[in-house]
Structures are given as structure tokens and as C-alpha cells.
Amino acid sequence: MPELPLINQAPKKAKRRAGGGGEGSSNVFSMFEQSQIQEYKEAFTIIDQNRDGIISKDDLRDVLASLGQLNVKNEELEAMIKEASGPINFTVFLTMFGEKLKGADPEDVIVSAFKVLDPEGTGSIKKEFLAELLTTQCDRFSAEEMKNLFAAFPPDVAGNVDYKNICYVITHGEEKEE
């Protein structure tokens, strides 16, 4: 049985044309790197069990069964199919993933939010200050979440956390290669 490829990369930010342009006018393929598109194509091919170029309820039932999920209710399959506005060909499939993955704000928006906390414009903030904010404001981080954050983004020797790297990982799913 073929394995589904791990698809945990956020879409790359689509380039905006000067002068705006509507939401629907952008090309879905410009949202992803070529390697990501290839991974999605492989996943689409695995899900499209009857190879007709459209993912149907039967395709979903078959692929879920091949992954050990037997007895999936018809209503569940119909709900999955209804997430698309029409037949699910590869372009619609890619668009659906793009919409699901763009839950995070664009990188520049997140960086701008951090810049409010960095009046000197250093690109980093003190670990203690970040910890205080994240554990006392809004959706408070637990001690475990703070431990995980600082394990993933360790402060430098001066106790500063590189928030630009955090923003990059939030929006791209992996660290920049230096």
C-alpha cells in the first residue's frame, strides 16, 4: 500500500501585483513551491483511486479503507466532498489545501506585530518579556508550551529570541537555511 507523503508545509506567499487585484484572480499554482505541487499531485493520485481525474465519494471511501478506516459514514464522506464548490480535480484539490493552510497571517503581518514589541528594531525580543506576554495575555501559553517554544527557538547568549525566525517558521513550516 503506498504511503501518503507528509504534507506539512505552509503555502508560500503569493506575490501581489501592484494595483491590488481580486482574491479569486490569483493563480493557485503560484501559492506553492514546485516541490510542494509535486507532493500534492502524488497525494491526489493516491486519493483518486479510479484515476478519472476527479476525487469522488467512492475514491475517499476506498483510500480511507486502504488506510484502515473502515465503516466511514456516507454523511462524513459527503461532508468532505461538499467542502469543494464542485468536482474535485487537481486544481480544486490544490486550492482547497491552499485555503486550509493559509490560516496563518502573512509573514509581514506577523513580523509587524512583533515589531511593536521591538522599538529598537533589533529583530529580537527578550526571552523573559516574550514569556511574560505569552503566559499572561489572551490565549495563555502553558509551561509546557513555553518549554517547547524555547526548545524550538532558543534564545541567544544575551537572552534574546529571534522573532523573525519564529515568523518565518509559522508561515513556511521550516527554518530558513543560512
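Predicted model, so just to flag it, every value in this text is computed and none were measured.
Here CG of Asp62 is found 7.5 Å from OG of Ser56. Values are rounded to the nearest 0.5 Å. Taking CZ of Phe114 as the start and CG of Leu117 as the end, the distance is 7.0 Å to the nearest 0.5 Å. Between the CG atom of Asp139 and the CD atom of Gln137 there is a distance of 11.5 Å, given to the nearest 0.5 Å. Between the CD atom of Glu83 and the CD1 atom of Ile88 there is a distance of 8.0 Å, given to the nearest 0.5 Å. Here the CG atom belonging to Asp48 is positioned 10.0 Å from the CG atom belonging to Leu60, to the nearest 0.5 angstrom. To the nearest 0.5 Å, the span separating CZ on Arg61 from CE on Met80 amounts to 10.0 Å.
The backbone N or O of Asn50 lies less than 3.5 Å from a partner atom in the side chain of Asp59, making a donor-acceptor pair. The closest donor-acceptor contact from the side chain of Lys126 to the backbone of Ala158 lies under 3.5 Å. Asn89 contributes no side-chain N or O that, together with a main-chain N or O of Gly53, makes up a donor-acceptor pair within less than 3.5 Å. Put simply, the side chain of Glu145 gets close to the backbone of Ser142: a donor and an acceptor are under 3.5 Å apart.
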If you apply the rule side-chain contact (heavy atoms from CB on, under 4.5 Å), what do you find for Phe153 with Val169, and how did you get there? CA-CA 10 Å; Phe153 305 100; Val169 172; 3.8 Å; yes
side-chain contact (heavy atoms from CB on, under 4.5 Å) between Val161 and Phe129, intermediate numbers included: CA-CA 10 Å; Val161 178; Phe129 181 54; over 6 Å; no
Would you please test Leu134 and Met146 for side-chain contact (heavy atoms from CB on, under 4.5 Å) and show each step? CA-CA 8 Å; Leu134 293 176; Met146 291 308 302; 3.8 Å; yes
side-chain contact (heavy atoms from CB on, under 4.5 Å) for Asp118 and Lys164? Distances and angles first, verdict last. CA-CA 11 Å; Asp118 179 24; Lys164 289 183 178 179; over 6 Å; no
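Side chains of Leu64 and Leu77 form a contact here, defined as non-hydrogen atoms less than 4.5 Å apart. With a 4.5 Å cut-off on side-chain heavy atoms, Val63 and Ile55 do not count as touching. Tyr168 is not listed as a side-chain neighbour of Val111, based on a closest heavy-atom distance of 4.5 Å or more.
A pairwise comparison of heavy atoms in Ser124 and Tyr163 identifies N-CE2, 3.4 Å as the closest pair. The two residues Pro87 and Val92 have their closest heavy-atom pair at O-CG2, 3.6 Å. Shortest non-hydrogen contact noted between Glu128 and Gly159 is OE1-O, 4.4 Å. Taking every heavy atom of both residues into account, Arg140 and Thr135 meet most closely at CD-O, 3.3 Å. Pairing each heavy atom of Ile46 with each of Arg51, the nearest pair is O-NH1, 4.3 Å.
Among residue pairs with one or both ends in residues 46-91, those qualifying as ring pair (Phe, Tyr, Trp, His ring centres under 6.0 Å) are Phe44-Phe90; sequence neighbours excluded.
Within 6.0 Å of CG on Asn71 lie no more than 12 heavy atoms contributed by other residues, nucleotides or ligands.
Ile54 is not connected to Ile47 by any chain of hydrophobic side-chain contacts under 4.5 Å among Ile, Leu, Val, Met, Phe, Trp and Tyr, and they are in different clusters.
Listed by chain and number, the residues in a side-chain hydrogen bond (donor to acceptor under 3.5 Å, both in side chains) with Lys41 amount to none (sequence neighbours excluded).
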